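Take a look at the structure set out below.
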Amino acid sequence: MNYKNILITSENGISQITINRPSKLNALNVATIQELHDAFQSLDENHETQVIILTGEGEKAFVAGADISEFANFSIEEGAQLSQQGQELLFNYVENLKTPVIAAVNGFALGGGLELAMSCHFRIASDNAKMGLPETSLGVIPGYGGTQRLPQLIGKGRAMELIMTAGMIDAETAKNYGLVNHVVPQAQLLEFTKGIATKILRNSPVAIGKAIKAINDNYKDGVDGFKTEIKNFGKCFGTEDFKEGTTAFLEKRKAVFTGK
Ligand code: COA
């Protein structure tokens, strides 16, 4: 597929999506959101890809937010539609993929940029990264899941403060808050992230997909995550990966998983 706003590379089971609008600090316009949806869908369906890394082009920004120039003149209905379509197409979509998605946050992750990083399964930041949800400074609220995922990740009080002040936190603070798992020098960000992706590659893709679903169900209204865990735990017993994993352990060899 031909993309105008993103780049994709794949090697040894790890695919990297790079948002490529550096002159606009990789701001998310509607076209980029659609391209990201298409890319995530095709990588998730492609069995060669076992881990996806999402990052931004350049040294300055992961994503500096939704593209403000696109929605400045929107009506109430258009605003609600922008939020709903974005959540469905990209933010909820990424969170619920069966393939692990790691955000490599290489600079500013603001507004929709932080919301996108929070939709990924976990985050690693470069030491120059800055994160925040500055929407209230524009007279709007976060619309791509930020009011929901930020309190889940850092707690209600901290999320309230960050959203009300429209402030930014640095990478170390983000790590202390639990928003990112690791902070590394910018030059090492992708290598470090690929190192973690490589550890994931050793494990059963089918089990990882079921674990993602069970963890996510903890945060869904009206869904009992413990029941999902029981169901998915049981389903694993019917997979080739489970037979291979347990047999390899008993035979004292490394498992070779097929994801079936
Ligand atoms: N939407 C659209 N364009 C954006 C953008 C966004 N969210 N963020 C940055 N850009 C554009 C700027 O308009 C500028 O374009 P131009 O050169 O054509 O004028 C370009 O990216 C570079 O940004 P600039 O503001 O000149 O860089 P800076 O280093 O002075 O400041 C930021 C960096 C991140 C502090 C600043 O760009 C910013 O505050 N961006 C908006 C953040 C935000 O409010 N995001 C939430 C949106 S809901």
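Note that the structure is predicted; figures quoted are calculated from it, not measured. Just follow the structure's listing: the first ligand is 1, and inside any ligand the first atom is 1. Sequence positions, counted from 1, serve as the residue numbers for this chain. Below, each value reflects all heavy atoms present in this structure, side chains not excepted, and no hydrogens, waters or symmetry copies.
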* **Working for side-chain hydrogen bond (donor to acceptor under 3.5 Å, both in side chains), residues Q81 and E77** => CA-CA 6 Å; Q81 200 183 21; E77 290 73 24; over 6 Å; no

* Asked: Do any non-hydrogen protein atoms sit less than 4.0 Å from atom 6 (C) of ligand 1?
  -> yes

* To do: Considering heavy atoms of the protein only, find what lies nearest to atom 15 (O) of ligand 1 and give residue, atom and distance to 0.1 Å.
  => K24 NZ, 3.4 Å

* Can you tell if the side chain of I208 reaches within under 4.5 Å of the side chain of K98, non-hydrogen atoms only? -> no

* Asked: Taking the non-hydrogen atoms of K60, is any one of them nearer than 4.0 angstrom to ligand 1?
  -> yes

If you look only at distance, which donor and acceptor atoms sit under 3.5 Å apart when one is on a side chain in residues 7-14 and the other is two or more places apart or in another chain?
unit_1: S10; atom_1: OG; unit_2: S15; atom_2: OG; d: 2.6

* Asked: About how many Å separate CE of M160 and OG1 of T165, when rounded to the nearest 0.5 Å?
  -> 12.5 Å

* **Any S137 heavy atom less than 4.0 Å from ligand 1** => no

* To do: Check whether any N or O atom of A66, backbone or side chain, sits under 3.5 Å from an N or O atom of ligand 1, and answer yes or no.
  => yes

* Are any of the protein's heavy atoms under 4.0 angstrom from atom 30 (O) of ligand 1, yes or no? -> no

* Asked: Does the N or O separation between I68 and ligand 1 drop below 3.5 Å for any pair?
  -> yes

* Can you find a heavy atom in the side chain of V63 that is under 4.5 Å from one in the side chain of L114? -> no

* Proximal candidate to atom 43 (C) of ligand 1 [heavy atom criterion; set A109, P134, A27, G113] -> P134

* Asked: Quick check: does A64 get an N/O under 3.5 Å from an N/O on ligand 1?
  -> yes

* pair S119-R149: side-chain heavy atoms closer than 4.5 Å -> yes

* **For atom 20 (C) of ligand 1, the protein heavy atom that lies nearest, with its residue and separation** => S23 O, 3.2 Å

* May I ask you to test the L190-Q16 pair for a side-chain heavy-atom distance under 4.5 Å? => yes

* Asked: Only one of D67, N26, N5 clears side-chain contact (heavy atoms from CB on, under 4.5 Å) with T32; which?
  -> N5

* Structure fact -> Looking only at protein heavy atoms, what sits closest to atom 37 (O) of ligand 1 is L25 CD1, 3.6 Å

* Asked: Just to confirm, does any protein heavy atom lie below 4.0 Å from atom 18 (O) of ligand 1?
  -> yes

* Option from I33, V101, I19 for which side-chain contact (heavy atoms from CB on, under 4.5 Å) with L116 holds -> I19

* **Closest contact, heavy atoms only, F257 versus P205** => CB-CD, 4.0 Å

* Structure fact -> among protein heavy atoms, the one nearest atom 34 (C) of ligand 1 is L110 CD1, 3.5 Å

* **atom 26 (O) of ligand 1: any protein heavy atom closer than 4.0 Å** => no

* To do: Run the numbers for me: atoms of ligand 1, each under 4.0 Å from some heavy atom of D67, listed by number.
  => 1 (N), 2 (C)

* Heavy atoms of the protein only: does one fall short of 4.0 Å from atom 12 (C) of ligand 1? -> no

